[in-house]
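Everything below concerns the one structure shown next.
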Amino acid sequence: MYALIDCNNFYASCERVFDPSLNGKPVVVLSNNDGCVIARSNEAKKLEIKMGTPAFQVMHLVKSSGLKMFSSNYALYGDMSARVMTLLGDFSPEVELYSIDEIFLKMVGFEKFVLHEYGLLMIQKILRATGIPVSVGIAPTKALAKVANKIAKKFSEKTGGVHIIDNPVLIEKGLKWTKIGDVWGIGRRYAAKLEAIGVHNALDFTLLPKQYVQKEMSIVGLRLQRDLSGLPTLDLEQTKAKKNMAVTRAFGKNYDTYGEVRERVSTYCAKLAEKLRREDSCCSQVYLFIHTNPHRKELPQYSNGVTIKLPYATNSTITIIKSVMGGLEKIYRDGFSYKKAGLVAMDLAPDSGRQLAIFSNEDPRHSTLMSMIDRLNRTTYGRVRFAGQDPIKTWKMRQEFRSNRFTTRLGEIILIRC
DNA sequence: TCTGGGGTCCTAGGACCC
DNA sequence: TCTGGGGTCCTAGGACCC
């Protein structure tokens, strides 16, 4: 059996832990730059606020419906996630951290356990230790555990937050209940395609001929189909080394000049290099893209990208900025209002096992310099910058509604007044 | 005015090798 | 006149996830 434990409305729940007055009120958390809604409490869902709604479109609900709005606070969410996952890891020897708010547990050798009670115990323990509410789905396969988890959450009054699918009758019931678009692994495109041929729920999908699924959805669809039918196919996955690492951001405003875009891209380079160093990694290629705002249909649109080969595998900000600037010159066009740029580091390799080139290699002084810069920036970010970065602006995100970083900054710890 | 960020996997087709 | 067979690697594009 597999268990999937998922934190309910995770980001919104994190905000509530440190401000219980938010309980019972509609809460939303916004994306970077306070752009759009990326998390909602149940009350916010009831207000029909959809995932991805632009923040300015829900602003009026603050007054009219008591909506509470938060900028995203990843320092808080990341730390809370680590606490929850560590505790849940104690419930099984084999786990897979699936996302910031979900974890799979493999339940082998638990035959003597009453799984429903075991699930309730998880919920109690996590709630008491962290204040985060979670739901538990248990089933013979991962895809079915996902289904079970949705049911546990949807009917929480009845299930107490735990649902177990452990026989063919419950499998069929669960599959029938799951709309095709809600199936794990079926996105918008496939959902539309499947609806068009009369496949409306997960059960319909399991009954499709294998050849059809293989042809239209490749081996991925086939595996999913088996797993949903109750034949264990998808197993826990090992955490593997990352293949890509990205820094992509929309700008706070539109930029019309090369100088402004160049400044942003330099700053993103510095961010990316720093991220590489933090993970003891380096890269030998970087993909750079820039584009205008696709939502502003009345403005001329432009979008382009370029892959830049670095002279050698590196994580030096100096080398990366120098190479990426060459790429930017190639794709930048005058006459457009730019809204977003991004960098993706590719061909990642561990810093220690770096492949040396024959003719040219990194100036050995870079690595010493970089670790010193990182040290200086650790306490006050932006203390040391590169010449291409704006000395004042550097890295300022719009974050009007951010809560305190209660668990990771001593200066922002919660205050209790008597 | 204002619309996110960071990832993964699979497949087909082209270039190239012997 | 007649032009093979088997393989690898890389990339772009399409799908998906949270």
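By convention in this document, chain letters (A, B, ...) are assigned in the order of the sequence lines, proteins followed by strands, and residues within each chain are numbered from 1.
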Under a 4.0 Å heavy-atom cutoff, the residues of residues 203-231 of chain A touching DNA chain B are Ser218(A), Ile219(A), Val220(A), Arg223(A)
Run the numbers on Asp235(A) and Lys106(A) for salt bridge (Lys or Arg N to Asp or Glu O under 4.0 Å), then give the verdict. CA-CA 9 Å; Asp235(A) 204 351; Lys106(A) 197 164 178 175; 3.1 Å; yes
Strictly below 4.0 Å, heavy-atom distances to any atom of DNA chain C: list the hits from residues 180-190 of chain A, or just say none. Val183(A), Trp184(A), Gly185(A), Ile186(A), Gly187(A), Arg188(A), Arg189(A), Tyr190(A)
Counting runs of three or more consecutive pairs, Watson-Crick or G-U wobble, with each distance below 3.5 Å, where are the stems of DNA chain C? B:5-18 with C:5-18
More than 12 heavy atoms of other groups within 6.0 Å of [X] [atom1]:
X         : atom1 : result
Arg333(A) : CZ    : yes
Arg375(A) : CZ    : no
Glu274(A) : CD    : yes
Lys45(A)  : NZ    : yes
Glu298(A) : CD    : yes
Lys339(A) : NZ    : yes

Interatomic distance, [X] [atom1] vs [N] [atom2] [rounded to whole Å]:
X         : N       : atom1 : atom2 : result
Glu237(A) : dC18(C) : CD    : C1'   : 14 Å
Leu4(A)   : dC18(C) : CG    : C1'   : 12 Å
Leu97(A)  : dC18(C) : CG    : P     : 15 Å

Hey, mind stepping through Leu175(A) and Leu144(A) against side-chain contact (heavy atoms from CB on, under 4.5 Å) and telling me if it holds? CA-CA 8 Å; Leu175(A) 291 177; Leu144(A) 285 169; 3.9 Å; yes
May I ask you to evaluate whether Lys146(A) reaches the phosphate of dC18(C), defined as a side-chain N or O under 4.0 Å from OP1 or OP2? yes
Please produce a list of atom pairs where a protein N or O lies less than 3.5 Å from an N or O of nucleotides 10-12 of chain C.
none

Evaluate the ring planes of [X] and [Y], with Trp represented by its six-membered ring, and classify them as parallel (under 30°), tilted (30 to 60°) or perpendicular (over 60°).
X         : Y         : result
Phe406(A) : Phe18(A)  : parallel
Phe251(A) : Tyr268(A) : tilted
Tyr77(A)  : Tyr74(A)  : perpendicular

Among pairs that include at least one residue of residues 198-221 of chain A, which meet ring pair (Phe, Tyr, Trp, His ring centres under 6.0 Å), considering only residues two or more places apart or in two chains? none
Say you pick atom P in dC18(C) and the same atom in dT3(B); how far apart are they, in whole Å? 25 Å
Worked verdict on Gln225(A) versus Ser229(A) for side chain to side chain donor-acceptor pair (under 3.5 Å): CA-CA 6 Å; Gln225(A) 194 192 28; Ser229(A) 322; over 6 Å; no
May I ask you to check whether Tyr2(A) and Phe104(A) place their ring centers less than 6.0 Å from one another? no
In Tyr258(A), Phe289(A), Tyr332(A), the residue satisfying ring-ring contact (aromatic ring centres under 6.0 Å, His included) with Tyr338(A) is Tyr332(A)
What I'd like to find out is whether the side chain of Asp166(A) reaches to under 4.5 Å of the side chain of Pro140(A), using heavy atoms alone. no
Letter per nucleotide, 5' to 3', of nucleotides 2-7 of chain B [B base touched, S only sugar-phosphate touched, - untouched; heavy atoms, 4.0 Å]: BBSSSS
With sugar-phosphate meaning primed atoms plus P, OP1 and OP2, does Lys240(A) contact a base, only sugar-phosphate, or nothing at under 4.0 Å between heavy atoms? sugar-phosphate
